[in-house]
Q: 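Here you go, one structure.
Note that these values count all heavy atoms, side chains included, but never hydrogens, waters or copies made by symmetry.
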Amino acid sequence: MEWDLENLLHDVSEAPAVDDPSGDADDGVLGGSRDGSTATGSDDGEEKPGPAEDLPEEPPEEEADEPEDLPDPTDVLRGLAGLLGRSSIDVGDVRVQGQNATGHGAVAIGTVNVTAARSDGAGRVWFETLAEASVREIASGYAHTPSDHRLDHHLQHHHLVCLSGPVGSGLITSATLAVARKHGFGRVRVLGVEQLSDLLGAETPLPAGHGYVLRLSEVVLREVDGFTLVALAARAATSGTTLVLAGDFSRRRHDLVGHVVEHRAAPAAEVFRAQLRHQLGGRCVGWCVDTCDGRCLERYVDVDCAEHPLLSAYLAGEPSPSEVLKVVETIARTVPKAVTLTERLEQFLPLQLRERAVEILDLRRGGDEIDGFTNEEVRAFRLSCAVLAGQPVAEIHQAAQRLARLHFQEGTSSGAPLRASAIEALLGSTLSQAVTRLNDVRVPGGCRIDFPAGTEPLRSALLEVAWTEWWSPAELLDWLADLIRGDLPAVRQAAAGAIGWSATRDVQAALDTVGVLARERRAGVRQAAAIVLVAMAMQPTLHHRVRTELGRWTAGPAAHLRDTVARAYSLGLAQLWPDAALVQLRQVAHARMQRWNNSVVRGLVEVYRNGHEASVVPALAGWTASADPEVQLHAARTLRVLADRWAEPPREHWPELLYLVDQGTIRLADLAVLWATALSLPWTAYRSWRTLGFWLDRADRQPVVAGHCLQLVRHVIAGQPALRHRLDHQLHHVWRPVMPHNDLLDDVQRLIDEETP
């Protein structure tokens, strides 16, 4: 019988010093407050203010600070990758909006013709049939992805699947072709709905024998639950249709187990080969004598082009498919070879984006005439679009005002949204083609400006031109630091990425700027400073300099600098430098300030969840032997978080840590030491005992799991009279009343009796 830990009555006989009923100080890591606050104090635990130079740590004091918005480290890395020129690869998308379906990218070239459109009459559900010739055209240049086979296998046995991948990764095209492979090229339909529940209505017409692809927006995706998917699958099975829901399910993967297939995009090199073969199909490119057997085309694609040093390096950087497509079109136009190909690439690759950026920022070259705005204001607005991609137009406008140092009249202050015509004028024709304007009534101004996948490299090109031709580095860095000191977390993160980008141009100036930000008392500002460090670490040429600086901060006396290091590891740096994370996080863990923070634990969890379980658990077991109680506390807090993780299907009945013991990845002795520490420390005991009880509940009637649980308990209480006594207390006064039919508790009782003198 499973039981609800959150509704378990507190055992009033337990001493508060051992079992804090208000929760552990580590609860802010996962499942706690959004701002990371703890039961023992504020999130920051700040020392008293001091001058800019490094000061020794002082006891924390209460400080008013805005609640922190804690971004997902993967989202941080993905956002920084776009600005730093390593945007994620996609393989083209087919998009539907209302009654129009269009295709673009490295696979869907040109317009996808719509042969029919139907609606439920109320305008809440619509679908469009893609022309068979268009779908075949997409398939002929498609670069197969590593996830296609799994997707096909899932569709053979199920009528519904959730295909998960980020926007621009090509999952819509992959879903479209998967449906075509199952139903036929003429039976693919793109579906649109106002709400997912609209598909469950009896009046919704979904003709049988077709496959339907539905792109889920972020709003709709948040409303998806398991019951809705079961109902939709039943509806699809009854009507003889196939339904593919496409969206970013990365944060819902564990909630929707069994329905989600992870989309894995094709490498850029494969996209290049597939598209070049497609565009040169039927042409002789080798001046063959008599008849051409097509071998010259294969040699040209695979040897002359794909193995060319410039192209090879370009493709190794995983450019977006739209960029690859432009290179393919340039090559296919004249089919250059040898020296001619090299010359063409040397001219085309580096200059293409920079020329566009120069045209955008140099209004005289761009030929834009904008009434009502000065050239400096327009230029600042366009650069702000590059820095704050994805943000509301009102925030972009406000940032541009700061950069241009203009004093606008009251009627055109940042609080007043810009009109659509004014936005169009400020963007100009070239930038308008590169960005998308997303209507969003929830944000100031009702509109966001973003760079879609494929045009993200233009952002760094705009920064490059601005840095070298229009503003001094000091001006730009002061402006970006001013944005970081603002109130919006998304603006802070975007500005932090831009400072990180600037480090390859002037690393000392960037380090000086981030050093000032890292000493700020506001936790949100330090968090942005940590993102700057992550952005700098993503650039190989800066690795040594950044590591040296982090080592100096970690070994120094300034608490805020050490906290910023921990935050950097928790926000993605742990994925880049897992080896350094374990060393430097232990140094930071000594700091008394970290008792009121969760950054160390978040960083350790990031190392663990990125494939380094075999390193993290033994290291934490070593932490428990430290003479420093702060280090022991962080080891126990981390165990508390990791103990809540469960293995992937079909092993979902295993606690993940116990499954790793079963697989030989970690040692039972190390895990037992961590459990013993977490069950003993006053700050982690309460939640740890509850979690151990949950393990025993889930292990009941699972013989293999139960055996490992008993072995763990045996190791935990061996030679520990206090823990044995506490276990006996939990067994009789907490677990037995809640789990009266759990047979595993009888075995636990026998273990206690064996250990009792």
Side-chain angles (χ1 to χ4, degrees), residues 88-97 100-109 112 114 125-132 134-193 196 199 206 209-218 220-221 224 229 232-233 235-237 241-250 252-253 256 258-266 270-271 274 321 452-453:
S88 58
I89 181 86
D90 68 37
V91 291
D93 281 340
V94 177
R95 304 198 176 197
V96 60
Q97 177 65 34
N100 297 311
T102 60
H104 74 283
V107 177
I109 305 171
V112 176
V114 179
V125 178
W126 60 90
F127 56 84
E128 305 175 6
T129 304
L130 302 183
E132 179 176 350
S134 298
V135 179
R136 290 186 181 276
E137 177 74 8
I138 294 173
S140 65
Y142 179 66
H144 286 278
T145 73
S147 55
D148 284 345
H149 177 73
R150 186 181 175 197
L151 179 59
D152 290 342
H153 178 77
H154 195 99
L155 290 178
Q156 288 176 2
H157 299 86
H158 303 279
H159 287 267
L160 179 142
V161 62
C162 300
L163 186 61
S164 177
V167 175
S169 64
L171 74 164
I172 300 298
T173 299
S174 293
T176 299
L177 294 180
V179 168
R181 289 191 293 270
K182 180 174 182 180
H183 291 277
F185 290 100
R187 291 180 170 268
V188 180
R189 291 182 169 178
V190 181
L191 184 65
V193 296
L196 201 57
L199 290 174
L206 292 180
H210 290 75
Y212 296 84
V213 179
L214 172 60
R215 179 199 295 271
L216 296 184
S217 66
E218 287 292 332
V220 175
L221 195 146
V224 175
L229 295 183
L232 287 175
R235 174 71 186 274
T241 60
T242 296
L243 180 59
V244 180
L245 306 180
D248 191 351
F249 291 87
S250 58
R252 306 290 310 282
R253 186 161 52 92
L256 307 175
H259 292 284
V260 177
V261 172
E262 293 291 336
H263 172 70
R264 298 173 59 194
E270 294 301 318
V271 175

Q: Tell me whether the rings of H153 and H149 are parallel (<30°), tilted (30 to 60°) or perpendicular (>60°).
A: parallel

Q: Show the nearest heavy-atom pair for residues T241 and G209, with the distance to one decimal.
A: CG2-N, 4.3 Å

Q: Roughly how far apart are F185 CZ and E132 CD, rounded to 0.5 Å?
A: 8.0 Å

Q: Considering all heavy atoms of both residues, which atom of A175 and which atom of V244 are nearest to each other, and what is their separation?
A: CB-CG1, 3.6 Å

Q: To the nearest 0.5 Å, how far apart are CG in D248 and SG in C162?
A: 12.0 Å

Q: Consider side-chain contact (heavy atoms from CB on, under 4.5 Å). Of T129, V179, L130, which one does V135 pass it with?
A: L130

Q: Counting distance only, does the side-chain N/O of S147 pair as donor-acceptor with the main-chain N or O of R264 below 3.5 Å?
A: yes

Q: For K182 and L155, indicate whether the former's side chain and the latter's backbone hold a donor-acceptor pair under 3.5 Å.
A: yes

Q: NE2 of H154 to OG1 of T242: how many Å apart, nearest 0.5 Å?
A: 10.5 Å

Q: Sub-3.5 Å donor-acceptor pair from the side chain of R189 to the main-chain atoms of H210, do we have one?
A: no

Q: Looking at T145 and A266, what are the two nearest heavy atoms and their distance?
A: CG2-N, 3.8 Å

Q: For H159, give me all partners under side-chain hydrogen bond (donor to acceptor under 3.5 Å, both in side chains), at least two apart in sequence or on another chain.
A: none

Q: Look up atom CG in L199 and atom OH in Y212, then write down how far apart they are to the nearest 0.5 Å.
A: 10.5 Å

Q: I'd like to know if the side chain of S164 pairs up with that of H263 as donor and acceptor (distance under 3.5 Å, no hydrogens or angles considered).
A: no

Q: Taking all non-hydrogen atoms of both residues, which atom of A139 and which atom of L177 are closest, and how far apart?
A: CB-CD2, 3.9 Å

Q: On a heavy-atom basis, which atom in A274 and which in Y142 lie closest, and how many Å separate them?
A: CB-O, 4.0 Å

Q: Measuring from atom NE2 of H157 to atom CG of D152, what distance do you get when rounded to the nearest 0.5 angstrom?
A: 12.0 Å

Q: If we check side-chain contact (heavy atoms from CB on, under 4.5 Å) with L245, which of these qualifies: V213, V224, L229, L191?
A: L229

Q: Tell me the closest heavy-atom pair linking L171 and G247, and the distance in Å.
A: CD1-N, 3.5 Å

Q: Using a 3.5 Å distance criterion without hydrogens, assess whether the side chain of R150 forms a donor-acceptor pair with backbone atoms of V261.
A: no

